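Note that this is a predicted model, so its numbers are computed, not measured. To find a chain, count down the sequence lines: A is the first, B the second, and so on, and within it residues start at 1. Just the heavy atoms: all of them, side chains too, but no hydrogens, waters or symmetry mates, feed the values below.
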Amino acid sequence: MELANTLSQDGESRGGVLAHLERLETQVSRSRKKMEEPQSAQAEESALRTRIHELRRLRDKLRAEVKQHQASVKASTTNVESDQTLEITEQESLKRKRENVKAILQAYRFTGISGKLTSRGACVCISTAFEGNLLGSYFVDLVMRKPLQIHHHSIPVFIPLEEISAKYLQTNIQHFLFTLCEYLNAYSGRKYQADRLQSDFEAFLAGPLQRNSLCNLLSFTYKAEPEGQSFPFCARLLYKDLTTTLPTDVTVTYQGTDALSTTQEEQRAAHESLFFTKPLHQVFTSFARKGDKLDMSLVS
Amino acid sequence: MDSQLVEARALEAEITALRRACVEPPAPGEDTSRVRKSFREIYQADSEGWELSKDLRSHLGHLESELQFLSTLTGINIRHYSKKTEDLTSTEMTEKSIKKVLQRHRLSGNCHMITFQLEFQLLEIQNEESLSSVITDLSIIMEPTEYSELSEFVSRAEERRDLFMFFRSLHFFVEWCEYRKRTFKRFKEKYPEAVHLSEGASSSCMGIRNPSRPGFELVIVWRIQIDEEGKVLPKLDLLTKVPLQALELDKNGVIETAPLSFRTLLGVLGIEATLESLIKSLHTEASN
């Protein structure tokens, strides 16, 4: 302190020396420090440098790992998504296929023969039609055993099922079914004609239509003109061939006591040939159409 | 040194972050949740997803085997089918509880070697008591067209709108064609030198000759016809080709009456036995 104070008077000289000494002291310690520092600093620096180096390496390694990880997750994500879409599209296509197959199965009824598999074998359905009119269906339940058996069926009793199955069931089932088809369609057709005659052309019939259940023997008395003076004819139609809808035998006879005139005979013969060639109800439709013009020659 | 320290610190921070990222699944929100959801949906142990697929597949398999069965049962293979429905019910009809619907069907497939394409319209009228279904239009395209017998039959079926008759007759026609082919083939194999098939096994004619007696030939013409009612019947005829000298020698007029005798023989022996007897007669004919 004194020194400091005394410095101010002689100030600079005395302060100067001490100060100078102080300054030197500080300088030395600093330089000494500085002399020491680069060593540790250097050590520290190289240590740091190495550390950074390692950190960089580790970071790069981790970066690569993360990238890989991300990629694999992304891949599995897309796999899941595409699997999902694949599954959806697979389901869709399966559904579409199923609808398609179902539709074709339904379409088989238009061939006349359709059916489905059952636990025993199969149930076959035979459809019938006449002149485009879809009529009844019948079924045959088959048991797939050796020999093939009919478990039960809805075939009318007057159709010769036993005969047909004896001939074809074991050897050629297609032939069996199509033959049955023939018989059933022919029966349906004959029945249709007889029904139509009874319902639509009652006015032309002079008495009830006589028919058997197989509809292959029909007998009736009719007038070609319901209002007119024409004499009633008696018609007998026999369908010997059970697979046809047109008769094999036709007899048209006159029910009166007088002999027939030539025109009447012509008419009778014409009617006979008509019944041979045209379905029954169509014959009467043509009678109805002709009925517009009066046949004076029939008035006797 | 400071900058290096800073760099070191930054690297450390990055490394920590990267370490975290390696463990966690990545990125945000929606994608992840969607993925997670679909995983759940799909991989639920007995989840609907897989069950449906399994059921769907087995159901489809069952239906396909049923289709295969029908195809074998009928001999008719339907490959395509489509249907369009048009409701023609007027308000008047609805009041009377009458329903009128027009269906347009398209069907194609094959029966053995014959392919068909059908289009038809079905009119359905439903009233309180009954349902009536009528085929109002039918158009048929068939291939191959070489079977001339078929074209007439097709127009008749179209005219009559008789769909079932079409298929029935088609079946029987094909059955007869196959039988004829098999029979001709069998005879050709049994008597290779005597039997001559001009158009191969599918031809409608079979020639019988004796190679040691050129000039003589019996030709059997086997046609398969479909009549007005759709009935398929075989029609066989015999044609004779005989050298003039033989004709002159034929005092009993055997050659002349051959076609008629042939028909009689058919009635007695049936087709195969008749043909075989003819072949044998020409084949083993002693020199005359």
Review point. Given B/E12 and A/R59, is the salt bridge (Lys or Arg N to Asp or Glu O under 4.0 Å) satisfied, shown in steps?
Key: CA-CA 8 Å; B/E12 280 168 12; A/R59 179 207 58 187; over 6 Å; no
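- Contacts between B/L122 and chain A at a heavy-atom distance below 4.5 Å involve the side chain alone, from C-beta outward.
- If you take CD on A/E65 and CZ on B/R19, they are separated by 9.5 Å, rounding to the nearest 0.5 Å.
- At least one side-chain heavy atom of B/E175 sits under 4.5 Å from a side-chain heavy atom of A/N172.
- In this structure the side chain of B/R57 reaches within 4.5 angstrom of the side chain of A/E90, judged on heavy atoms.
- Atom CG of residue A/N133 and atom OG of residue B/S132 lie 7.5 Å apart, to the nearest 0.5 angstrom.
- A/G115 and B/L70 get closest at one heavy-atom pair: N-CD2, 3.4 Å.
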Exercise for review: Carefully, step by step, assess A/L117 and B/S65 under the rule side chain to side chain contact (heavy atoms under 4.5 Å, CB included).
Suggested key: CA-CA 9 Å; A/L117 297 169; B/S65 61; 4.3 Å; yes
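- In this structure, the side chains of A/S127 and B/F164 come closer than 4.5 Å at one or more pairs of heavy atoms.
- Considering only heavy-atom pairs separated by less than 4.5 Å from chain B, the leading option among A/V101, A/L135, A/T179 is A/V101.
- Scanning all heavy atoms of the two residues, the minimum distance from B/L107 to A/A107 falls at CD1-CB, 3.6 Å.
- Of all heavy-atom pairs spanning A/Y108 and B/N77, the tightest one is OH-CA, 3.7 Å.
- One finds a salt bridge joining A/R56 and B/E7 here, because a Lys/Arg side-chain nitrogen approaches an Asp/Glu carboxylate oxygen to under 4.0 Å.
- The nearest pair of heavy atoms linking A/L48 to B/A8 is CD1-CB, 4.1 Å.
- There is no contact between A/D60 and chain B, counting heavy-atom distances below 4.5 Å.
- Heavy-atom pairs under 4.5 Å with chain A were tallied for B/T136, B/I135, B/L123, B/L170; the largest tally goes to B/I135.
- Contact detail for A/A103 and B/Y81: the closest heavy-atom pair is O-CD2, 3.3 Å.
- Heavy-atom distances place the backbone of B/T72, and not its side chain, under 4.5 Å from chain A.
- Enclosure of atom CD in B/E152 is not indicated, since only 12 or fewer non-hydrogen atoms of other residues, nucleotides or ligands lie within 6.0 angstrom.
- Formation of a donor-acceptor pair under 3.5 Å by the B/E66 side chain with backbone atoms of A/K116 is not found in this model.
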Practice item. Decide side chain to side chain contact (heavy atoms under 4.5 Å, CB included) for B/I78 and A/T111; before the verdict, give the C-alpha distance in whole Å, the side-chain angles of both, and the deciding distance to 0.1 Å. Key: CA-CA 10 Å; B/I78 298 180; A/T111 64; 4.0 Å; yes
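- Within a 6.0 Å sphere centred on CZ of A/R51, other residues, nucleotides and ligands contribute 12 heavy atoms or fewer.
- Rounded to the nearest 0.5 Å, atoms CG (A/L177) and CZ (B/R168) are 12.5 Å apart.
- No side-chain heavy atom of A/L58 sits less than 4.5 Å from a side-chain heavy atom of B/L11.
- Put simply, CG on B/L18 and NZ on A/K67 are 10.5 Å apart, with the number rounded to the nearest 0.5 Å.
- In summary, of the residues considered (B/K231, B/M165, B/E229), a side chain to side chain contact (heavy atoms under 4.5 Å, CB included) with A/E182 occurs for B/K231 alone.
- Sparse packing is recorded around CD of A/Q68, with 12 or fewer heavy atoms of other residues, nucleotides or ligands lying under 6.0 Å away.
- Heavy-atom neighbours of A/R57 CZ from other residues, nucleotides or ligands within 6.0 Å: at or below the threshold of 12.
- We find the CD1-CD1 distance between A/I113 and B/I76 to be 7.0 Å, quoted to the nearest 0.5 Å.
- In this structure the side chain of A/L134 never reaches within 4.5 angstrom of the side chain of B/V134, judged on heavy atoms.
- Using bins of under 30°, 30° to 60° and over 60° for the plane-to-plane angle, the ring pair A/F110/B/F120 lands in the perpendicular bin.
- Taken to the nearest 0.5 Å, the OG1 atom of A/T245 stands 8.5 Å off from the CG atom of B/D162.
- Looking only at side-chain heavy atoms (C-beta outward), A/Q106 and B/K83 stay at 4.5 Å or farther from each other.
- Residues B/R161 and A/E131 share a closest heavy-atom pair of NH1-O, 3.7 Å.
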